[in-house]
2 protein chains.
Amino acid sequence: MTTMTQHSTTAPRRGRPGNDRGDVITAAVSLFNQHGYEATTVGMIAEQLGVSKSAIYHHVASKEELLASALDRALSSLEGMLETANSSGRSPLERLEYVLRGTVQVLIDDLESVTLLLRLRGNTDLERQALQRRRNFNVAVAELVTEADDTGALRADIDPSVATRYVFGMVNSITEWYRPGGALSAEQIGDQIVNLVFNGLRPRSH
Amino acid sequence: MTTMTQHSTTAPRRGRPGNDRGDVITAAVSLFNQHGYEATTVGMIAEQLGVSKSAIYHHVASKEELLASALDRALSSLEGMLETANSSGRSPLERLEYVLRGTVQVLIDDLESVTLLLRLRGNTDLERQALQRRRNFNVAVAELVTEADDTGALRADIDPSVATRYVFGMVNSITEWYRPGGALSAEQIGDQIVNLVFNGLRPRSH
DNA sequence: GTCTATAGGTTGATAGAC
DNA sequence: GTCTATCAACCTATAGAC
């Protein structure tokens, strides 16, 4: 059963109609997430798009390039969002909240590529490089939490790097259940996350 | 490069020394987590144990049986823990806290098999059955959160089923970074999780 | 130890829109 | 005729079956 995935029509293109590089990457990432990168064959990607295997190689040089493109997209989105937050001149706590909401937004906008990133196991050099970039992002976020902690904006009895792990574990778990067209918007999910992370489940007595 | 994974020696066994069924499952689950179930071949499992492929089939009937055993182990641990919590006669809030700490304990005790469970994509009947059992567990936990909410133990402005998703997203993310022999015990991690979930990051002040 | 299927990847020519 | 996307056939290496 082949599914014709039409490219998102932005500007009219010249030449023979069909799939562009973005379509191929989209189909590939979806299959990578469903079956794992190793178990996904280029033939499966071609079948998904309803074209022959060699058509795939017109758009990309290798299967690994598909993985690299998707991971770079996810990482660039996250890094760009963090850069925006840190150059905003706001307080550490405000920047932290911005990063929380921004991460939710990136997860939802680039759901498939971020999901792929989060499921990496570091089996190849490429995967290990992506994991290193992801670690750098995590370290920068942990520094932000530390800054917020230093201003007294957070509870003193929780270690910042530990808190970062748990909080972003919660945020990243959105990829496990969020599906496009769901009832909740990115803004609503961001609100819920921020509320839960900062206030917890227990009633604020008095 | 073969890694001789010796079985966890509990009681001395008779007969020819070597791997038992548990050793095979342990090696298989580790490879399933590293490469994905589909991409893992029985030959890889044999190589990891330093035996021939046919030796694997002495212990299990199929590759799928290895998956089934691991998933059943993870699910039985979680279900048993939940059963213990719900038959304890305590308050909903106390039972919820018990389930949080219990889930952390199960994650750490059965790290590899629970990791496998959490990464399922539902590609086969077996996987879909396991995911259904996991959903049943999640529903039971959500009911527990609802009960706790009904007693006024939780903040009124957070939907119980939504909160359950986020909280267990946080808990399950432990599998992403916890490694045996790490600095933190299951009890310490449970304390951190419970503290963060119930109290949040913001100082409780006026 | 041989046989077969399948993997990633290549080649060179072609189809279709402008 | 230019541009993009496509295809059938092919190559080489390897992994599973017997």
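The sequence lines fix the lettering, A, B, ..., with proteins before strands; numbering per chain opens at 1.
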Practice problem: Return the value, rounded to whole Å, for the distance between atom CD1 of A/I56 and atom P of C/dT10. | Solution: 14 Å

Quiz item: Rounded to the nearest Å, what distance is computed from the NE2 atom of residue A/H35 to the P atom of nucleotide C/dA7?
Solution: 12 Å

Self-check item: Ion pair A/E65/A/R21, N-O distance below 4.0 Å
Solution: yes

Self-check item: Whether B/E127 side chain and B/N123 backbone form a donor-acceptor pair below 3.5 Å
Solution: yes

Practice problem: Take the protein atom CG of A/N19 and the nucleotide atom C1' of D/dC7, then report the distance between them rounded to whole Å. | Solution: 14 Å

Quiz item: How long is the span from the CG atom in B/L184 to the CD atom in B/Q192, to the nearest 0.5 Å?
Solution: 5.0 Å

Quiz prompt | Counterpart residues, side chain to side chain contact (heavy atoms under 4.5 Å, CB included), relative to A/D149 (two or more places apart) | solution = A/L154, A/P160

Self-check item: Side-chain N,O (A/R16) to OP1/OP2 (D/dT2) below 4.0 Å
Solution: no

Quiz prompt | Pair listing, ring-ring contact (aromatic ring centres under 6.0 Å, His included) test, anchored in residues 33-88 of chain A, at least two apart | solution = A/F32-A/Y37

Quiz prompt | Between P of D/dT6 and CZ of A/R14, the distance in whole Å | solution = 17 Å

Practice problem: Please determine if B/E47 and B/K53 form a salt bridge, counting it only when a charged side-chain N lies under 4.0 Å from a carboxylate O. | Solution: no

Practice problem: Measure the distance from NE2 on A/H58 to P on C/dA15 and round it to the nearest whole Å. | Solution: 16 Å

Quiz prompt | B/L67 side, atom CG; B/T124 side, atom OG1 - distance, nearest 0.5 Å | solution = 6.5 Å

Self-check item: Contact list for DNA chain D against residues 59-69 of chain A - heavy-atom distance below 4.0 Å
Solution: A/H59

Quiz item: So, the side chain of B/R95 versus the backbone of B/A148: is there a donor-acceptor pair under 3.5 Å, distance only?
Solution: no

So which protein nitrogen or oxygen atoms get under 3.5 Å of nucleotides 14-18 of chain D's nitrogens or oxygens?
| residue | atom | partner | partner atom | Å |
| --- | --- | --- | --- | --- |
| D/dG16 | OP1 | B/T41 | OG1 | 3.3 |
| D/dA17 | OP2 | B/K53 | NZ | 3.0 |

Self-check item: Pair A/E176 + B/R165, salt bridge at N-O below 4.0 Å
Solution: no

Quiz item: Of all residues at least two apart in sequence or in a different chain, which pass the side chain to side chain contact (heavy atoms under 4.5 Å, CB included) check with B/V194?
Solution: B/E97, B/L100, B/R101, B/F198

Quiz item: At how many degrees, to 10°, do the end axes of the helix from C/dG1-D/dC18 to C/dC18-D/dG1 meet when each uses five pairs?
Solution: 30°

Exercise. To the nearest 0.5 angstrom, please state how far the CG atom of B/L31 sits from the CD atom of B/Q34.
Key: 6.5 Å

